[in-house]
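The block underneath contains the structure these notes are about, expressed in C-alpha cells.
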Number of protein chains: 2
Amino acid sequence: MNCTEVTHLLHAEGKRITGERRVLLRIITDNPHLDAAEIYQLARKEATKLSLSTVYRTVKLLKELGLVQLSDLGKGHHHYELDLKEHYHFICLGCGKVVEIPPISAFQELAEKRGFEIIGAKVQLVGYCTKCCKKRARGTMVRFAML
Amino acid sequence: MNCTEVTHLLHAEGKRITGERRVLLRIITDNPHLDAAEIYQLARKEATKLSLSTVYRTVKLLKELGLVQLSDLGKGHHHYELDLKEHYHFICLGCGKVVEIPPISAFQELAEKRGFEIIGAKVQLVGYCTKCCKKRARGTMVRFAML
DNA sequence: CTCGATGCAAAGTGTTTGCAGTACG
DNA sequence: CGTACTGCAAACACTTTGCATCGAG
C-alpha cells in the first residue's frame with residue numbers, strides 16, 4: 001500500500017483530499033513506525049500551519065478505514081503502521097532498536113486447522129541485537145536470568 | 001511464572017511483600033490480559049482501600065524487573081502480561097476476542113543466522129474467528145477487500 | 001454554494017508524582 | 001523502629017472534541 005493507493009481509497013470513500021492530508025499521507029506511507037508527535041514534526045516542515053489535531057484526526061480516519069494499525073512497541077505511546085498485512089519486528093532490549101525481519105510461513109496451516117481467517121500477522125521478537133549481545137557478554141551480570 | 005515465584009523474586013529483590021502486592025500479584029498472575037483499570041476493579045473486591053496509584057506502581061515495578069510486559073492489543077490503552085517469554089495471540093477483528101494459539105518454532109534459526117539473542121516472542125495474528133467467518137459469509141460485503 | 005476538513009483551545013483519558021501517614025521486615 | 005510502601009490529590013502526557021472558519025468538490 002503506497003501513498004497514491006491510499007489517496008485513491010480515501011477519495012473512493014468520499015473523503016476530501018486536502019493539502020494537509022496529502023502531506024500526512026505521504027509521511028505516513030513513507031515511514032514505518034512514527035508516533036503522532038513525530039508525524040506532526042515532519043508535517044510541519046511542509047505545512048507550517050498544520051495542527052496536531054489534524055494529525056490525530058487523519059490517523060483515526062486511516063485507522064477506521066483499516067489502512068493503518070496502532071502499535072505499541074514498548075515505548076509507552078502509540079505508533080502507527082500502514083495497514084496490517086504483515087509486520088515482523090525484532091526489538092532490542094539493549095538499545096531499543098527496531099529491526100524488520102523476514103516473514104514466517106507457518107501461520108496458514110494453523111488458520112485452516114482452526115477455521116480462522118488470517119488477515120494480518122504481527123510478530124515481535126524481543127531480545128538483544130548482535131551489538132548488544134557482545135556488549136552484554138563483556139559487561140556485568142544482569143539482574144535475573146530472564147532479564 | 002506463577003504467583004508464588006513472582007513473590008519470591010520480589011522478595012529476593014529486597015522488595016516488601018505487602019497485603020496490596022499479594023492481592024495484585026495473584027490477580028496479575030491469574031489473568032493474562034488485564035489493563036490497569038481492570039486490575040484495580042478486581043483488586044478492590046479484596047482490598048477495599050487499594051488505590052489506582054498502587055496498581056500502576058506495582059505494574060511498573062514488575063515491568064522494571066522484567067516480570068511483566070506491556071502490550072497494546074489494539075484497544076487504545078495498555079494491557080499487562082506476565083513476563084515476555086511467549087505470547088501467541090489471535091485477535092478477531094469481528095468480535096474482538098483474543099485467543100491463545102500454540103507457539104511456532106521457526107524463530108531460533110533466524111536468531112542464530114543473524115547473531116541475535118531472542119528472549120521472548122510476541123505473535124499477533126489478526127483476522128476473523130470461526131464464528132465471525134460464518135457471520136461474514138452470510139452478511140453484507142465489507143467496505144474494501146482488505147477489511 | 002455546501003458540507004466536510006481545519007486550527008485553536010478546552011476537555012477527556014490514562015498514567016505519574018509529591019507528600020504525609022502506615023506497616024513490613 | 002526505620003524506611004519502603006500506600007492513599008490521596010494534584011500534575012502530567014497523550015488524545016479527543018466544540019466551535020468558528022475555510023476550502024474542496
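Chain letters run A, B, ... following the sequence lines, proteins first and then strands; every chain starts at 1.
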Requested in this report: Establish whether the base of D:dT15 is bridged to the side chain of A:S53 by a donor-acceptor pair shorter than 3.5 Å.
Outcome: no
Query raised in the report: Given that B:L52 and B:G14 both sit by DNA chain D, which one's nearest nucleotide is further toward the 5' end?
Result: B:G14
Report task. Figure out the CZ/P separation between B:R21 and D:dT6, and round it to whole Å. Result -> 5 Å
Query raised in the report: Would you call B:I17 and B:R22 a side-chain contact if the rule is heavy atoms closer than 4.5 Å?
Result: yes
Requested in this report: Measure from OH on B:Y40 to P on C:dG14 and round the result to the nearest Å.
Outcome: 14 Å
Query raised in the report: Which nucleotide in the set C:dG7, D:dC14, C:dT16 lies at the smallest distance from any side-chain heavy atom of A:Y56?
Result: D:dC14
Query raised in the report: Could you write nucleotides 20-25 of chain C as a row of B, S and -, 5' to 3', where a protein heavy atom under 4.0 Å of any base atom gives B, of only sugar-phosphate atoms gives S, and otherwise -?
Result: ---BBS
Query raised in the report: Can any side-chain N or O of B:R26 pair as donor or acceptor with the backbone N or O of B:C3 at less than 3.5 Å?
Result: no
Requested in this report: Using whole Å, report how far NZ of B:K49 lies from C1' of D:dC8.
Outcome: 10 Å
**Report entry** Under 4.0 angstrom between A:R57 side-chain N/O and D:dT15 OP1 or OP2
**Finding:** no
Requested in this report: Using atom NZ of A:K60 as one end and atom C1' of C:dA5 as the other, report the distance to the nearest whole Å.
Outcome: 14 Å
Query raised in the report: With sugar-phosphate meaning primed atoms plus P, OP1 and OP2, does A:T54 contact a base, only sugar-phosphate, or nothing at under 4.0 Å between heavy atoms?
Result: sugar-phosphate
**Report entry** Distance in angstrom units between A:H79 NE2 and D:dC14 C1', rounded
**Finding:** 12 Å
**Report entry** B:L25 and B:L10, any side-chain heavy atoms less than 4.5 Å apart
**Finding:** yes
**Report entry** Pair B:K49 + B:E20: basic N to acidic O under 4.0 Å
**Finding:** no
**Report entry** Atom pair distance, as rounded to whole Å: CG in B:L61 and P in C:dT16
**Finding:** 13 Å
Query raised in the report: Is there side-chain contact between A:I39 and A:T58, with at least one heavy-atom pair below 4.5 Å?
Result: no
Query - Proximity to the side chain of A:A36 - top-ranked nucleotide from D:dC8, C:dT15, D:dT15 - result: D:dT15
Requested in this report: Report yes if some heavy atom in the side chain of B:L34 is under 4.5 Å from a heavy atom in the side chain of B:H79; otherwise report no.
Outcome: no
Requested in this report: Look at the side chain of B:Y80 and decide which nucleotide, out of C:dC8, C:dT17, C:dT15, has an atom nearest to it.
Outcome: C:dT15
**Report entry** Check: B:T48 side chain, B:R44 main-chain N or O, donor-acceptor pair, under 3.5 Å
**Finding:** no
